[in-house]
Peer 1: 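Below are the structure tokens for one structure; questions will follow.
For the single chain, residues carry numbers from 1 onward in sequence order.
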Amino acid sequence: MVGQPPAAADEHLLGAELQENGPRAKETRAARLGWWSLLGIPILVPIVIGKLPFGGPILSHGFWVFPRAAVLALLVLVAYGAWCIGVARSHTQLRTIPHYRWLVVVLVLAAASTVAAISPSRAFFGDQYLALGLQTILLLVMVFILIIQHVTNMKRLVALSWSVVAGGSIVAGVGLLQVLDLDPLGLAMSSTSLVGRAESLLGNPDFTGTYLVVPMVVAAALGLSADDTRQRVMAFTCWGLCLVTLANTLTRGAWIGALIGLGVLGAALARLPWARRALPGLLAALVGVGSAALMIGIPSRFLARLGDLTSASTAGGGRLILWQDAIGVIARYPILGTGPDSYRLGWYAARSLESMQVWGIKMTDHDPHSLPLLLTATLGVPAALAVLGTIASILVTSWRRALRPGSGGTNLLYSGWWAAAAGLLVAQAFAVTTLTSALILSLALAAIAAPGSRSCSSSPSLKRSLVLGAGGVLCSFLAVLSLVTLASDIMLADAVHGSSTATDAHSAARTAPWHIAARYIAASSAVDDALLALQRDPANAATAAARAESYVRELAEADSREYANHALSAYLAANRGVLGEPTYFARATEAARKALTIYPLSVESAYYKAYAEYRMGAIGSALETLEPLWDVDPSYVDAGLLYADLLGQQDRHDDALEILTTLEANAPEHPAVRGAIESLRPQQ
């Protein structure tokens with residue numbers, strides 16, 4: 001067990017320093033409610049999902065995102081409201097916000113980026129998969145402010161630490177069950193690359209690994225600083241659980257972040273004379289837990305992931321290619337970026353051929369797998385510098401407090417938070433930024449900055465009262481929006497699993513017009529219904545066709561910079577042309593042209609355009625459309641067959657046979673390819 005510092009060192013404890021900065025908050029009902037709500041955030045937000053346990057139905061279509069965002073918004077609203085009540089009744093003192101000038105600059109620039117975004121609606125409300133729009137940014141800033149206001153002594157810091165460790169341990173526990181081939185909640189994804197890698201409650205092993213960096217390091221700090229044997233055992237048990245699961249997510253960035261975090265914590269521990277004798281035992285424990293992680297997992301998979309991390313052009317699973325694309329996005333939108341959570345819309349024009357060849361045409365990227373690049377691409381260079389400047393300012397002004405020599409053992413907990421933040425930031429240099437990782441980073445930075453706050457008044461002035469009231473209005477607004485979005489998402493989940501998908505999804509979209517997935521699913525389902533009706537009973541299909549046209553038109557107008565919306569329009573028009581309405585081929589050509597303007601490497605859109613041009617007799621134009629994109633995806637059977645047919649009609653039989661031979665190598669089981677080859681060979 002780790003020894004404890006002598007009582008004479010109490011005057012140097014961080015707890016005493018925090019205590020000097022302001023009195024402990026009075027334990028009124030409002031104060032308790034606000035504090036408990038705040039403690040609920042790191043426990044509940046990572047674990048809540050919109051899927052019922054034990055294989056039950058999906059409650060929410062975006063069950064990894066929107067339920068989490070709604071819980072975050074509600075807890076922030078309760079915590080903020082209770083805190084304001086305490087301030088109004090003079091039960092709670094206002095505290096200064098360290099580095100607030102940086103925060104103001106960040107918010108102003110983020111708001112400007114949202115207004116000027118490629119899609120302002122998406123930039124504010126967030127996308128289906130990450131939900132990191134301005135709405136989430138505002139909630140994270142509110143979390144940061146509330147932590148500063150509440151964490152005024154060491155007891156509060158310990159309570160916050162345990163809540164973070166509790167949430168992390170639940171996530172790690174579920175993930176470890178999946179690694180052991182157990183999945184009682186039915187959460188495992190079907191992708192073979194994710195099987196056995198602890199997707200856990202976050203939906204992706206990479207998300208899980210990155211998130212666990214902070215709970216793991218904070219748990220180690222709790223174990224080292226606890227003065228109670230039972231608490232030490234609990235903390236180190238949680239630490240081992242988080243570390244084993246983190247290792248088995250096979251998330252290489254998280255491995256690096258964990259090593260950095262534990263290394264910084266070890267450096268802080270090594271500065272304590274009374275604790276140096278415990279270092280060998282702790283290192284032995286680390287080796288033992290690491291060995292257990294290897295035994296639970298498959299060593300060959302660990303080695304394969306390490307080998308990929310150090311490979312040349314695909315370092316870290318293609319990170320260099322992703323970062324190259326991100327630099328292209330930044331070059332196009334350097335000042336205000338694409339808008340929060342709108343990276344994909346800018347990425348369409350910047351996507352490289354190398355990226356297409358590695359992941360194929362179906363992959364659409366929402367994140368460049370690097371926090372600095374994500375900030376720069378979505379918010380612009382000035383805002384990214386402001387965010388990174390805020391983080392750097394917090395870390396630089398607090399590192400002496402975290403690593404000062406001769407500090408008491410209690411300061412190790414604060415050192416643990418500093419180490420966890422440093423480790424997470426390193427991990428985020430290689431990782432996708434999600435709502436959960438952004439939240440845990442906000443919590444860590446606030447915990448680090450808290451000792452730098454000061455009591456500024458016992459009651460708010462008129463100016464401060466107005467600011468507090470505006471904050472309350474903002475929190476209420478964000479909570480209502482989150483709940484409406486979740487209600488729409490629940491309706492969408494019912495629509496997807498129901499018998500009238502298009503109509504029900506359209507109702508979900510009307511409930512929350514900013515819900516991008518609801519709009520698209522409504523339109524695509526209506527298109528499928530219309531085409532089926534036109535094939536079976538053309539005379540009575542007018543209603544279904546008109547509804548599909550309406551949904552597609554609304555979709556394209558509401559989100560005009562999403563190529564997939566125009567591609568869907570081209571798909572509908574081209575098929576209506578095939579089904580006996582040739583005037584629709586011209587519409588298909590125009591819609592596909594718009595899609596290609598947004599996403600030049602879209603083979604799907606090129607195929608629709610070329611097919612419509614071919615049916616209108618413009619064989620030369622069709623060839624010009626397909627030829628530059630053939631190398632992008634030589635396994636696209638429909639496009640390849642059309643391309644070969646067009647070449648054959650131009651008497652370029654050798655070229656056509658070459659295309660078909662390549663297509664056969666990439667799709668050997670497709671009967672149409674073999675038939676086309678057999679029919680072409682006699683013409684050579």
Peer 1: If you take all heavy atoms of Leu134 and Ala110, which pair is closest and at what distance?
Peer 2: CD1-CB, 3.9 Å
Peer 1: Do any N or O atoms from the side chain of Ser398 and from the backbone of Ala449 form a donor-acceptor pair under 3.5 angstrom?
Peer 2: no
Peer 1: For Thr96, what residues pass the side-chain hydrogen bond (donor to acceptor under 3.5 Å, both in side chains) criterion, not counting sequence neighbours?
Peer 2: none
Peer 1: Of Asp365, Asp325, Asp367, which meets side chain to side chain donor-acceptor pair (under 3.5 Å) against Trp347?
Peer 2: Asp325
Peer 1: Quick one: does Asp489's side chain have a donor or acceptor within less than 3.5 Å of a partner on His61's backbone?
Peer 2: yes
Peer 1: Please list, one pair per line, the donor and acceptor atoms closer than 3.5 Å that link side chains of residues 382-392 to other protein atoms, with sequence neighbours excluded.
Peer 2:
unit_1 : atom_1 : unit_2 : atom_2 : d
Thr390 : OG1    : Ala386 : O      : 2.8

Peer 1: Does the side chain of Val76 reach to within under 4.5 Å of the side chain of Ile41, using non-hydrogen atoms?
Peer 2: yes
Peer 1: Does Thr249 reach the main-chain N or O of Arg197 with its side chain, forming a donor-acceptor pair under 3.5 Å?
Peer 2: no
Peer 1: Please check if the side chain of Trp35 supplies one atom and the backbone of His150 the other of a donor-acceptor pair under 3.5 Å.
Peer 2: no
Peer 1: Which label fits Tyr129 and His366: parallel for a plane angle under 30°, tilted from 30 to 60°, or perpendicular past 60°?
Peer 2: tilted
Peer 1: Which residues pass the ring pair (Phe, Tyr, Trp, His ring centres under 6.0 Å) test with Phe66, not counting sequence neighbours?
Peer 2: His515
Peer 1: So does Gly380 get a backbone contact from the side chain of Thr376, meaning a donor-acceptor N/O pair under 3.5 Å?
Peer 2: no
Peer 1: Going by heavy atoms in the side chains, are Trp36 and Val78 under 4.5 Å from each other?
Peer 2: no
Peer 1: Can any side-chain N or O of Thr251 pair as donor or acceptor with the backbone N or O of Pro205 at less than 3.5 Å?
Peer 2: yes
Peer 1: Of all heavy-atom pairs between Arg95 and Ile148, which one has the smallest distance, and what is that distance?
Peer 2: CD-O, 3.7 Å
Peer 1: Can you give me the closest heavy-atom contact between Ile448 and Leu395, atom names plus distance?
Peer 2: CD1-CD2, 4.0 Å
Peer 1: Output yes when a side-chain donor or acceptor of Thr136 lies under 3.5 Å from a complementary backbone atom of Ala131, and no otherwise.
Peer 2: yes
Peer 1: Is there side-chain contact between Val165 and Trp239, with heavy atoms separated by less than 4.5 Å?
Peer 2: no
Peer 1: So, taking the atom named CG in Leu222 and the one named CE in Met234, what distance separates them when rounded to the nearest 0.5 Å?
Peer 2: 9.5 Å
Peer 1: Mark yes or no for whether Asp341, through its side chain, and Phe125, through its backbone, hold a donor-acceptor pair below 3.5 Å.
Peer 2: no
Peer 1: Kindly indicate whether the side chain of Tyr80, heavy atoms from C-beta on, has any atom under 4.5 Å from the side chain of Met142.
Peer 2: yes
Peer 1: Does Thr436 have any side-chain hydrogen bond (donor to acceptor under 3.5 Å, both in side chains) partners at least two apart in sequence or in another chain, and if so, which?
Peer 2: none
Peer 1: Over all heavy atoms of both residues, which pair between Ala79 and Leu38 is shortest? Give the atoms and the distance, please.
Peer 2: CB-N, 4.1 Å
Peer 1: Have Gln428 and Ser437 got a donor and an acceptor in their side chains that come within less than 3.5 Å?
Peer 2: yes
Peer 1: Step by step, work out the side chain to side chain contact (heavy atoms under 4.5 Å, CB included) result for Val264 and Trp418.
Peer 2: CA-CA 8 Å; Val264 173; Trp418 201 97; 3.8 Å; yes
Peer 1: Is any side-chain heavy atom of Thr434 less than 4.5 Å from a side-chain heavy atom of Thr210?
Peer 2: no
Peer 1: State, with a plain yes or no, whether a side-chain heavy atom of Ser60 is found less than 4.5 Å away from one of Leu486.
Peer 2: yes
Peer 1: Can you name the closest pair of heavy atoms from Val244 and Asn248 and give their distance?
Peer 2: O-ND2, 2.9 Å
Peer 1: For Ala450, does its backbone N or O pair with a side-chain atom of Ser453 as donor and acceptor, under 3.5 Å?
Peer 2: yes
Peer 1: Rounded to the nearest 0.5 Å, how far apart are CG of Leu44 and CG of Leu72?
Peer 2: 10.5 Å
Peer 1: Do any N or O atoms from the side chain of Thr378 and from the backbone of Pro340 form a donor-acceptor pair under 3.5 angstrom?
Peer 2: no
Peer 1: How would you list, by chain and number, every residue that makes a side-chain hydrogen bond (donor to acceptor under 3.5 Å, both in side chains) with Arg122, sequence neighbours excluded?
Peer 2: Asp127, Asp559
Peer 1: Just grab all the side chain to side chain donor-acceptor pair (under 3.5 Å) pairs involving residues 160-169, residues at least two apart or on different chains.
Peer 2: Ser161-Trp417
Peer 1: Within a strict 4.5 Å, meaning less than it, do heavy atoms of the Val158 and Leu413 side chains meet?
Peer 2: yes
Peer 1: Is there a side-chain contact between Glu354 and Ile321, using heavy atoms and a 4.5 Å cut-off?
Peer 2: yes
Peer 1: Pair Gln178, Ser200 - check side-chain hydrogen bond (donor to acceptor under 3.5 Å, both in side chains), show working.
Peer 2: CA-CA 7 Å; Gln178 292 174 332; Ser200 188; 5.1 Å; no
